[in-house]
Amino acid sequence: MPKFQAPRGTRDLLPSDMAVYRGLETLGRRLAAIYGYQPIETPLFEDSAVFERGIGEATDVVEKELFRIKSPGSGDERWALRPEPTAGICRAYVEHGMHTLPQPVRLTTFGPMFRYDRPQAGRYRQFWQFDVEVIGDPGPAVDAEVIELALRYVRDAGVANVELHLNSIGDGACRPAYVAALVEYMSGHAKDLPDLERRRLAANPLRLLDTKDARTQAVLEGAPTIDSYLCPACRDHFDSLLAHLARLGIEPRRAPRLVRGLDYYTRTAFELYQRGAEGQQSALGGGGRYDGLIELFGARPTPAIGFGLGIDRIAGALAAAEKAPTMYPVAVVVGADPSATDLRLKLATDLRAAGIAASAELAPRKLGRQLEGAARDGAHFAIVVGDELDAGQVQLRDLEAGTQRVVNVADLVRELERAHASHRHGEAR
Ligand code: AMP
């Protein structure tokens with residue numbers, strides 16, 4: 001057992017993992033750009049109050065899972081590592097007066113989040129999210145756009161059988177009546193609830209709906225759902241969202257108990273699951289509308305919607321399906337003269353300068369061993385440097401087809417690009 005290990009609930013992302021993570025990050029950045037989102041980075045830690053206010057004190061995330069940081073000077077726990085990105089982004093929106101920009105403002109980020117949760121499969125203390133936020137549009141069309149982007153992301157990532165769970169959780173006008181009905185029902189079953197859930201019933205009853213406790217879940221089976229309590233405005237918003245989704249060919253599964261773990265959500269709430277893998281630990285991501293959050297940071301009320309997709313969960317789903325992408329070079333430069341490493345290095349450097357994913361065999365070993373190495377790296381081509389180089393030529397060996405031909409060095413980039421286009425080597429696939 002080595003003396004030091006990564007802290008409990010965290011893990012090293014080794015090069016073999018990073019191929020997947022980088023691929024998912026690149027996909028996020030590419031899709032976000034296509035959909036018109038601007039990148040933003042906020043600090044990994046904030047004033048704890050940003051999360052306490054923005055997420056809600058009676059939530060798991062704040063109550064139990066916030067990674068608080070002692071400040072070295074005073075020793076008080078003024079800061080906390082971010083458990084999710086929305087609160088920090090909204091703090092930044094208000095701080096930098098982004099309400100003066102053309103609305104809505106579309107922002108995206110990708111990075112690590114921290115929750116002091118009990119580690120288990122798919123639940124880490126440091127995990128990654130791809131996140132988008134649209135601030136300044138009340139929807140419902142933009143809600144459909146955001147949901148379609150989330151679905152598109154997980155599908156393009158290669159996850160099969162993705163299912164959208166969708167609910168409306170109402171707003172300040174209609175939710176109180178629903179909460180009252182829920183409290184009345186749950187209070188009648190208080191003796192069946194564990195202490196924590198009973199406290200929640202008093203502090204933040206909606207949170208009961210996403211309880212992880214089996215006994216509470218059983219009680220919830222008979223609880224009223226928000227559906228019949230939605231006010232006309234929330235009902236219209238939800239119906240219109242469904243119509244917009246239908247237009248995009250998206251059929252959600254209605255999830256009347258889906259509330260999302262965070263307090264600031266209004267109306268639209270959604271989560272993505274891989275069909276057959278539903279359950280608390282298996283949400284690939286989720287999001288929703290949070291029309292009440294921006295004003296908590298001192299700005300005028302501003303509607304907004306966003307999502308956070310769990311990169312670790314998506315990577316896990318890909319690994320389970322053995323779809324994890326790996327990095328392969330297009331070409332490996334090998335040579336007949338084991339000691340001519342300078343020629344091989346120069347040629348690989350030139351290819352890389354031209355944008356080709358190339359590497360060189362730099363160990364002075366026999367050609368046969370070099371070719372074995374190239375095949376092991378998953379390269380499509382070996383470029384064999386030999387006597388022809390004096391005439392400006394090399395051998396281009398197609399390692400998959402087993403063929404070989406002489407090519408002018410001057411034509412090499414074009415030849416390799418053509419193969420790259422048809423085989424998509426050199427990148428996550
Ligand atoms: P949440 O803000 O809790 O809805 O989280 C959004 C998504 O992030 C979830 O659907 C998960 O995919 C992922 N996620 C949340 N917490 C964790 C965690 N502790 N470890 C790994 N992924 C997580």
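Order of appearance sets the numbers: ligands from 1, and atoms from 1 within every ligand.
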Residue pair Glu197, Arg200: steps toward the salt bridge (Lys or Arg N to Asp or Glu O under 4.0 Å) verdict: CA-CA 5 Å; Glu197 307 295 346; Arg200 284 225 170 105; 3.6 Å; yes
I'd like to check whether Tyr124 has a polar contact with ligand 1, where a contact means an N/O of the residue lying under 3.5 Å from an N/O of the ligand. yes
Heavy-atom contacts with Gly122 under 4.0 Å: which atoms of ligand 1 show up? List them by number with element. 20 (N), 21 (C), 22 (N)
Counting N and O atoms only, with roles assigned by atom type, does the side chain of Gln274 sit under 3.5 Å from a partner on the main chain of Asn161, one being a donor and the other an acceptor? no
With only distance considered, is Glu84 within less than 3.5 Å of ligand 1 through an N or O on each side? no
Would you name the heavy atoms of Trp128 and Phe110 that are closest together and state the gap between them? CD1-CE2, 4.0 Å
Within this structure, what is the CZ-CD1 distance for the pair Arg152 and Ile34, rounded to the nearest 0.5 Å? 5.5 Å
After noting the C-alpha distance and the side-chain angles of Gln126 and Phe67, does the key distance pass the side chain to side chain contact (heavy atoms under 4.5 Å, CB included) rule? CA-CA 10 Å; Gln126 178 176 347; Phe67 253 104; over 6 Å; no
Show the atoms of ligand 1 that are less than 4.0 angstrom away from any heavy atom in Leu284. 10 (O), 12 (O)
In ligand 1, which numbered atoms sit nearer than 4.0 Å to a non-hydrogen atom of Gly308? 6 (C), 7 (C)
Under a 4.0 Å heavy-atom limit, does Arg125 contact ligand 1 with its side chain, its backbone, both, or neither? neither
Between Gln103 (side chain) and Leu101 (backbone), is there a donor-acceptor pair under 3.5 Å? yes
Test item, Arg313 contacting ligand 1 (heavy atom, 4.0 angstrom): yes
What atoms in ligand 1 come closer than 4.0 Å to a heavy atom of Arg123? 18 (C), 19 (N), 20 (N)
Report yes if Leu309 has an N/O atom closer than 3.5 Å to an N/O atom of ligand 1; otherwise report no. no
Any idea which part of Arg115 is under 4.0 Å from ligand 1, heavy-atom wise: side chain, backbone, both or neither? side chain
side-chain hydrogen bond (donor to acceptor under 3.5 Å, both in side chains) with Asp143: of Arg267, His244, Arg289, only one passes, and it is Arg289
